[in-house]
Amino acid sequence: MLDVTKHFGDTTGGVRTYLLQKARYVAAHSELRLAIVAPAATASVSDIDGARCYRLAGPPVPTQPPYRFLHSSHDVARIIARERPDVIEVGSPFLVPWVVARANRAARVPLVWFYHGNVPRLISQDPGRDGALRRAGHRAAWAYVRRVSRLVRVTVVASDFVAAELEREGVRNTVTVPLGVDLELFTPGRQTRAADTRLRYGLPDGPLAIYCGRLAREKHLDVLIRAWPAVEHRTGARLAIVGDGPSAAHFRRLHGADRVLWLPYERDREALADLVAAADLYVAPGPAETFGLAALEAMASGTPVLSVNCGGVPEMVRRSDGGALYPIGDAAGLAAAAIGLFGGDLQQYGARARDYAAREHRWECVFDRLFELYRDVAAGR
């Protein structure tokens with residue numbers, strides 16, 4: 001099969017993890033082949049574990065480092081002719097679907113769209129409260145999503161929340177396949193070296209909450225930063241934010257940001273797993289998450305999750321009883337929920353979160369299901 005995406009940079013998160021895990025799955029199944037196509041600063045072809053990776057030179061997306069445009073249908077057509085895939089999965093909503101559709105005119109390979117990015121929610125995270133301009137943008141974005149969905153046989157989503165939104169907005173060809181987690185990498189066993197991890201990163205002893213991810217406006221880190229002084233005052237818990245992104249400078253200027261422990265993006269997955277396990281609580285404030293892989297990694301680490309009540313993450317929190325939820329945009333609600341968790345049995349919450357992750361989200365099971373879907377699509381079923 002062929003995966004075409006614009007989200008495969010060195011500092012991208014969930015989609016990169018998904019693709020690398022898919023490559024490892026393919027490497028363990030000799031009957032399967034995988035090629036990945038992604039934009040980069042310079043063109044190259046390389047082999048990674050289980051996949052051939054084509055990087056096509058493309059210009060940067062303004063204000064969205066490190067993302068780049070994939071724009072050459074000629075190059076994608078050449079790759080399709082060389083690889084002769086049975087199925088092509090499109091991993092981006094912007095430009096890529098149209099480039100692939102054009103490149104695929106001759107080959108007519110069945111297309112699948114994995115809806116990794118919630119385009120309408122990026123424009124308006126709370127349409128009921130936003131102004132007229134954002135509401136109009138939100139409606140236009142849904143019209144665009146419907147157009148893209150008509151280019152493909154199946155639209156794959158990772159959460160029931162997204163499936164319900166798509167169904168409500170007229171996208172009918174959806175299949176839900178939740179993502180997985182590396183249960184050997186993200187494990188409560190790393191908690192035994194939490195003191196060493198905190199010392200290595202300059203993090204204090206005592207109660208600690210953490211967020212790991214992209215620093216962008218749609219992540220609602222402003223709500224988290226506004227809420228945390230009240231949490232720290234009541235519980236003594238410090239907040240660490242790990243990552244980088246286009247809104248980093250904005251968030252650092254907010255009132256209360258001077259008390260945040262800011263850490264740069266951590267590209268070493270072993271080190272990231274240590275960090276998540278060393279925290280007492282993981283916070284997932286972004287309401288536009290189509291799934292929430294970073295939150296699931298925290299759960300697998302035995303770290304409870306505090307999540308906004310919108311997006312893909314709340315499903316996992318409810319099903320696991322491994323954390324708590326607060327209303328979208330509600331800093332006081334976030335603070336109250338965090339204070340309640342720190343006043344409760346965090347170890348028990350964490351144990352339930354780990355049990356759920358191990359039971360429901362093994363990567364092997366995820367890709368067994370996904371490749372069965374690909375076989376059905378390739379066979380025209």
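Distance alone, capped at 3.5 Å, places no donor-acceptor pair between the Asn104 side chain and the Ala107 backbone. Ser320 contributes a side-chain N or O that, together with a main-chain N or O of Val317, makes up a donor-acceptor pair within less than 3.5 Å. The backbone N or O of Glu167 sits less than 3.5 Å from a side-chain atom of Arg172, completing a donor-acceptor pair. Looking at Arg238, its side chain never comes within 3.5 Å of a backbone N or O of Pro204 through a donor-acceptor pair. With Arg198 contributing its side chain and Ala278 its backbone, the two residues share a donor-acceptor pair below 3.5 Å. At least one donor-acceptor pair closer than 3.5 Å links the side chain of Trp228 to the backbone N or O of Ala237. Side-chain atoms of Tyr282 come within 3.5 Å of backbone atoms of Cys212 as a donor-acceptor pair (strictly under, hydrogens ignored). In this structure, the side chain of Trp142 does not engage the main chain of Leu166 through any donor-acceptor pair within 3.5 Å. The backbone N or O of Gly58 lies less than 3.5 Å from a partner atom in the side chain of Arg68, making a donor-acceptor pair. Without hydrogens or angle criteria, Arg105 side chain to Ala77 main chain gives no donor-acceptor distance under 3.5 Å.
The hydrophobic clustering, which links ILVMFWY residues whose side-chain heavy atoms are closer than 4.5 Å, places Phe161 and Ile123 apart. Note on Val242 and Leu254: same hydrophobic cluster, where clusters join Ile, Leu, Val, Met, Phe, Trp and Tyr whose side-chain heavy atoms are under 4.5 Å apart, directly or indirectly. No path of Ile, Leu, Val, Met, Phe, Trp and Tyr side chains, each step under 4.5 Å between heavy atoms, connects Leu208 with Leu199, placing them in separate hydrophobic clusters. Each of Leu122 and Val148 belongs to its own hydrophobic cluster when Ile, Leu, Val, Met, Phe, Trp and Tyr are linked at side-chain heavy-atom distances under 4.5 angstrom.
Residue pairs meeting the salt bridge (charged side-chain N to carboxylate O under 4.0 Å, His left out) criterion with at least one partner in residues 357-367, sequence neighbours excluded, are absent. The salt bridge (charged side-chain N to carboxylate O under 4.0 Å, His left out) contacts involving residues 313-324 comprise Asp160-Arg319, Glu315-Arg319, Asp321-Arg352, where partners must be two or more places apart or lie in separate chains. Residue pairs satisfying the side-chain hydrogen bond (donor to acceptor under 3.5 Å, both in side chains) criterion with at least one member in residues 94-103, sequence neighbours excluded, are listed as follows: Trp98-Tyr144. Note on residues 328-348: no pairs pass salt bridge (charged side-chain N to carboxylate O under 4.0 Å, His left out), not counting sequence neighbours. Within the structure, ring-ring contact (aromatic ring centres under 6.0 Å, His included) contacts touching residues 293-335 (residues at least two apart or in different chains) do not occur.
Taking 4.5 Å as the limit, some side-chain heavy atom of Trp113 sits within range of a side-chain heavy atom of Pro93. In this structure, Leu224 and Leu239 have side chains that are in contact, with non-hydrogen atoms separated by less than 4.5 Å. When side chains are defined from C-beta on, Phe114 counts as touching Leu179, because their heavy atoms get closer than 4.5 Å. Between Met299 and Phe186, every side-chain heavy-atom pair lies at or beyond the 4.5 Å cut-off.
Note that the CZ atom of Phe94 and the CG atom of Leu70 stand 14.5 Å from one another [nearest 0.5 Å]. For the atom pair CD1 (Ile339) and CD (Glu232), the distance works out to 11.5 Å, reported to the nearest 0.5 Å.
With sequence neighbours left out, the salt bridge (Lys or Arg N to Asp or Glu O under 4.0 Å) criterion links Arg168 to Glu165. With sequence neighbours excluded, the residues that form a side chain to side chain contact (heavy atoms under 4.5 Å, CB included) with Val177 are Val156, Val175, Val366, Arg369, Leu370. Taking Asp376 as the reference, Arg381 meet the side chain to side chain donor-acceptor pair (under 3.5 Å) condition, with sequence neighbours excluded. Residues forming a salt bridge (Lys or Arg N to Asp or Glu O under 4.0 Å) with Arg146 (at least two apart in sequence, or on another chain): Glu169.
Nearest heavy-atom pair across Ala257 and Trp262 is O-NE1, 3.0 Å. Here the shortest heavy-atom pairing between Ile225 and His255 reads CG2-O, 3.7 Å. Taking every heavy atom of both residues into account, Ala378 and Asp86 meet most closely at CB-O, 4.0 Å. Among all heavy-atom pairs drawn from His361 and Pro178, the shortest one is CE1-CB, 3.8 Å. Summarising the geometry of Tyr211 relative to Arg214, their closest heavy-atom pair is OH-O, 2.9 Å, with the distance given to 0.1 Å. When all heavy atoms are compared, the tightest approach of Ser73 to Ala103 is O-CB, 3.3 Å.
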In a table with atom names and distances, give each donor-acceptor pair under 3.5 Å that connects a side chain of residues 284-297 to protein atoms at least two apart or in another chain.
from	atom 1	to	atom 2	distance (Å)
Glu289	OE2	Lys219	NZ	2.7
Thr290	OG1	His116	O	2.8
Glu297	OE2	Arg269	NH2	2.7

Which atom pairs, one a donor and one an acceptor, fall under 3.5 Å between side chains of residues 302-314 and the rest of the protein, sequence neighbours left out?
from	atom 1	to	atom 2	distance (Å)
Thr303	OG1	Val276	O	2.9
Asn309	OD1	Ile328	N	3.1

Listed pairs under 3.5 Å, donor-acceptor, residues 24-32 side chains, sequence neighbours left out:
from	atom 1	to	atom 2	distance (Å)
Tyr25	OH	Asp368	OD1	2.6
His29	ND1	Tyr25	O	2.7

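The pair Arg135-Asp130 does not meet the salt-bridge criterion, since no charged nitrogen lies less than 4.0 angstrom from a carboxylate oxygen. Using a 4.0 Å cut-off between a side-chain N of Lys or Arg and a carboxylate O of Asp or Glu, Asp222 and Arg226 qualify as a salt bridge. For Arg78 and Asp75, the salt-bridge test passes: some basic side-chain N is under 4.0 Å from an acidic carboxylate O. Comment: Asp274 engages Arg200 in a salt bridge, judged by a side-chain N to carboxylate O separation of less than 4.0 angstrom. Under 4.0 Å is where a charged nitrogen must lie from a carboxylate oxygen, and between Arg121 and Glu218 no such pair does.
The aromatic rings of Trp363 and Phe367 sit parallel, their planes meeting at an angle under 30°, below the 60° perpendicular limit.
Taking a 6.0 Å sphere around CZ of Arg375, one finds it holds more than 12 heavy atoms contributed by other residues, nucleotides or ligands.
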